[in-house]
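Each remark here refers to the structure printed beneath this line.
The figures here come from the full heavy-atom set of this structure, side chains too, leaving out hydrogens, waters and symmetry mates. Just so it is clear: chains get the letters A, B, ... in the order the sequence lines come, proteins before strands, and each one is counted from 1.
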Amino acid sequence: MYQYDAIDRQLINERVDQFRDQVRRWKAGELTDDEFRPLRLQNGLYIQRHAPMFRIAVPYGMLNAAQLRTLAHVARTYDRGYGHFTTRHNLQLNWPKIEDVPDILAELAKVEMHAIQTSGNCLRNITTDQFAGVAADEIIDPRPLAEILRQWTTFHPEFAFLPRKFKIAISGTQEDRAVTWFHDIGLQLKLVDGQVGFTVIVGGGLGRTPIRGQVVRDFLPWQDILSYCEAILRVYNRYGRRDNAYKARIKILVQALGVDAFRDQVEAEWAHGKDGPMTIPQAEYDRVAAHFTAPAYESLPTVDAGFSAKISEEKAFARWVDRNTHAHKVNGYAAVTLSLKPQGIAPGDITSDQMDAVANLADQYSFGELRISHEQNIILADVRQADLYDLWQQARAVGLATPNIGLLTAIICCPGGDFCDLANAKSIPIANAIQARFDNLDYLFDIGEIDLNISGCMNACGHHHVGHIGVLGVDKNNDEFYQVTLGGRQGNAAKLGKVIGPSFSAGEMPDVVEKIIQVYLDNRHEDERFLDTFDRIGIDPFKNRVYEGRAHGKAKAAAKEIA
Amino acid sequence: MSQLIKQQALAVDTWKMLEIADGETPETVPLPEGDILFPLAVWQARKTEIISCHKRIGLILQPDEPVEDIAGDLDYFIVIAVNFPKFVDGRGYSTASLLRQRYQYQGELRAVGDVLHDQLFYLKRVGFDAWVLKDGKDAVNAIQTAFSTFGDVYQASTSQPEPFFRRRAA
Ligand code: HEM
Ligand code: SF4
């Protein structure tokens, strides 16, 4: 993976000094709270329900073992011994002290990590596919260009005070796993006539106004990506709305202008920057790409005999292999997902001790590297088939081998009302209640692939819009309620789910999910996943079952009035 | 007392902003003597008159006023001030980049309004060379530290037209 050179190191060290001085001036009253707020946000520091929250960047999801050990140490020393992996390749700490953050940043800088621009109205962390470089369906490894983009976004002088936050995702596979249709800029790498370039998608986003992005350029040579992004950002910085934070994302600008007029403006702006100094030279690409070369793979048989034997002997292992290992482009290797979705913890949470254990597993089995996925799990990307059994046993011993990747209980979930000031409702207890209801593994495997995503409010940090089942916390006369959507999805055919009807109380939610699952089980054809059945039969059967015997909105309101 | 920073030092500010009072319009507002920063609307309405009675002309641009509108007039201005009504309104950074990089504006480019210590570094990078630091803020400390926060930069911008990756080999 990428290793810093002198300039990268110098800049993050200078950043630590800068922030230390800012905290000092804020404490001394030289900076007002309003003046300090954007500065701390651009260092990942939020003030939330109980305490500050601190977001550490894991650029494009790549980590090495030493970095994870440092995260473990930081969480243990400055927080309560755990952290939370988010849907955007960040680790969030829930309870640090502001005064400690400069020291935390200094510890992170030693292992080439930082919290630069992890929140605030600026260019955020770049996200990508957690299987970059090893996926069987990869066209181009996105990581070198993701790193080049990371450097470009870091301290960009013109775009530090945008109308709103700005998120870029990049993917290089046939099947999109980076939610590129729902980012401010989504970049899909492709090969056309032997030339590498991007399809550039702009104006997607979830949040309160979920919109699928639109293609602004079908093919952009990779060399032009920085100058083209500058053109997009300049148009946005100048013309994006600043009068209303809810209408300030680039998606609103693209909608207001229409994609064609927006494209015209970007192309007119780009005409000035095209072929200019921001054009990426081959030498720079090669320099960065040299950090992402394949590790020293052994040449192995496609199937390891011992591994096959263990699979037939031990059902629990077979289940884990089925769900938590993934095709690798090198014979005899697999990518492994360590599930951060066991029953009863906040999805995405991991303790410091677990982080240390994972770091050891990475060293022992996966060339000392690992990745974070936007589904809030950890990936060991390069494990020999022959090692899977040992790895599984060790992972199981530390609670990281729940065999549920892609299944109903591997819920994506935001921190919600337990931690977040903006929440309408709690989300973690809903996730836990659903996990408890579906704790029978046979049943869970029988249900099969399904994404259930939960957000505590319409900001959509838990990606509920693109869950096959989406759950959204809503506020009804100061009570916590949950609205359910069906049919959303990520991937190439990404789309938003449809609301099934009036919302439910927290206590009703496990039953509601159970009923939805029953409709699927009753109707599915062989080999149909939940989504396939849903697409075939439509939303009505689900609606009818879920609201059966339940007074509808108006009738219920009338009943209430009489009472 | 305005804290004008130029060339790493506090400087005397001779420029005054022309305010349009209630009941006045760009067409009717009296044009005072001296070093005046004219609002764009006044400049556009009274250009010939301003040129005939002022040797030294300044302009003040608001964040939503497009530089394209004055691209042909830049030779008239000794100073262009760009207003930051709030420091988190980043449009002025693009204004400056365009003035310097696209339209080769050579005169003084001054940041005014909610101009604070922690934005000076980026403001300098996009091409400002004068800053009126907000009243009550420590100008001496700002001059000593805020322009040298980072020793180098990745991106191309006005103050460093070559991105780091083009300077790396050298
Ligand atoms: C508790 C502290 C948090 C706060 C205050 C917060 C706030 C917000 C807000 C206000 C938005 C909507 C932005 C907009 O639409 O303009 C948003 C979006 C988002 N947040 Fe959070 N968030 C928090 C934590 C998280 C966590 C823990 C995750 C990951 C699990 C996350 C991931 C996201 C994502 C993926 C979006 C996507 C929607 C989009 O930008 O299109 N956030 N957040
Ligand atoms: S979705 Fe809402 S409740 Fe959940 S973390 Fe985001 S802002 Fe908070």
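Neither the backbone nor the side chain of Arg37(A) comes within contact range of chain B; no heavy atoms are under 4.5 Å apart. Neither the backbone nor the side chain of Ile148(A) comes within contact range of chain B, judged by heavy atoms closer than 4.5 Å. For a residue to count as touching a neighbouring chain, one of its non-hydrogen atoms must lie under 4.5 Å from one of that chain's; by this rule Lys86(B) does not touch chain A. With a 4.5 Å cut-off on non-hydrogen atoms, Thr149(B) touches chain A through its backbone and its side chain both. Asp8(A) touches chain B through backbone and side chain together, each having a heavy atom under 4.5 Å away. With a threshold of 4.5 angstrom between heavy atoms, Pro66(B) approaches chain A through its backbone and through its side chain. If you measure heavy-atom distances from Arg238(A) to chain B, the contacts under 4.5 Å come from both the backbone and the side chain. With a threshold of 4.5 angstrom between heavy atoms, Arg15(A) approaches chain B through its backbone and through its side chain. Contact of Ser227(A) with chain B is not made at all, since no heavy-atom distance falls under 4.5 Å. Only the side chain of Asn141(B) comes within less than 4.5 Å of a heavy atom in chain A; its backbone stays farther off.
A side-chain donor-acceptor contact under 3.5 Å links Trp152(A) and Glu230(A).
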Going through the checks in order, is the side-chain contact (heavy atoms from CB on, under 4.5 Å) test met by Ile170(A) and Tyr60(A)? CA-CA 9 Å; Ile170(A) 167 171; Tyr60(A) 42 92; 5.9 Å; no
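With sequence neighbours excluded, the residues that form a side-chain contact (heavy atoms from CB on, under 4.5 Å) with Lys274(A) are Trp270(A).
Residue-level contacts of residues 105-118 of chain B with chain A, in order of numbering, are Leu116(B), His117(B), Asp118(B); threshold 4.5 Å between heavy atoms.
For Phe150(B) and Phe155(A), the ring centers sit closer than 6.0 Å to each other.
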